[in-house]
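Counting starts at 1 for both ligands and their atoms, following the listed order.
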Amino acid sequence: MPLPLHHARSPVCINRILQCRVQNPNPNLSPPPPPLAIEGRNLSFSVITKQGKLLPILKDCSFRVPAGELWMVLGPNGCGKSTLLKVLAGLLKPTEGTLSANRPLSFVFQNPDHQVVMPTVEADVAFGLGKFNLTLDEVKLRVSKALDAVGMLTYSQRPIQTLSGGQKQRVAIAGALAEACKVLLLDELTTFLDEYDQVETIDWSNHAVKSSVTGNGEVAALWVDSID
Ligand SMILES: Nc1ncnc2c1ncn2[C@@H]1O[C@H](COP(=O)(O)OP(=O)(O)OP(=O)(O)O)[C@@H](O)[C@H]1O
């Protein structure tokens with residue numbers, strides 16, 4: 001399946017991330033590059049095992065994700081994808097290297113049932129906005145723009161339990177967009193989805209980060225997923 005994305009593949013280990021952006025053959029005519037939203041330089045992360053040995057998990061990992069783009073990092077189980085996301089989210093401190101990521105930053109997890117909590121689509125996307133001191137009209141506007149960005153606006157009143165797994169993932173992404181996140185970290189969203197929902201979720205996620213309909217400015221997304 002051709003993915004309409006820039007993507008980075010890591011067949012063996014995440015420290016071999018390759019940057020896959022195609023260079024413009026005539027840089028004099030090209031527009032200025034979009035600002036970077038996430039940049040990791042020479043990131044390493046190690047833990048000390050119970051036996052007192054240093055166990056490297058990420059090694060010398062460098063990558064740059066511009067605003068308005070969705071990048072995928074694909075790798076086998078245990079290669080360090082979740083660790084990379086935790087480092088990006090600030091949950092783990094890199095042992096070496098530097099990192100910058102625009103804020104606010106939101107996580108969307110692999111099991112949508114752990115993330116969508118309210119009875120209807122609209123209520124779920126509005127749930128996270130309670131902390132922002134917004135008027136009711138502002139909440140409604142943010143919710144409808146975010147749902148529109150992921151193609152779920154017509155589902156606003158639908159009970160959550162009637163949605164497919166992929167639709168629930170899109171509602172979870174809309175919740176993050178409604179909170180005006182600048183960086184989306186998407187952790188193995190395809191795990192519980194059938195093939196159709198996988199393609200839809202990737203397409204709509206890509207659309208959402210490229211779209212300005214949320215009014216957030218451009219969002220960048222880093223999606224990690226497993227490959228056999
Ligand atoms: N605190 C820790 N102590 C020891 N080993 C760890 C620790 N955290 C992660 N690891 C190991 O580092 C490796 C990478 O883990 P990580 O969860 O990042 O992999 P992953 O690529 O996300 O895997 P999966 O695709 O199965 O989710 C694994 O071998 C894991 O056991």
So which protein residues pack against ligand 1 under 4.0 Å, heavy atoms counted? Val47, Leu55, Ile57, Pro76, Asn77, Gly78, Cys79, Gly80, Lys81, Ser82, Thr83, Glu188, Ser226
Output the rest of the hydrophobic cluster of Leu136: all Ile, Leu, Val, Met, Phe, Trp and Tyr residues reachable through side-chain heavy-atom contacts under 4.5 Å, sorted by chain and number. none
Charged tip of Arg142 within 45° of Phe132 ring normal and under 6.0 Å: yes
Answer yes when Arg170 and Glu200 have at least one side-chain N-carboxylate O distance shorter than 4.0 Å, and no when they do not. yes
List, by chain and number, the other hydrophobic cluster members for Phe127, where Ile, Leu, Val, Met, Phe, Trp and Tyr join if side-chain heavy atoms come within less than 4.5 Å, directly or indirectly. Val117, Met118
Is the shortest heavy-atom distance from the side chain of Thr120 to the side chain of Ile160 under 4.5 Å? no
Can you list, by chain and residue number, the hydrophobic cluster partners of Tyr196 when the side-chain cut-off is 4.5 Å? none
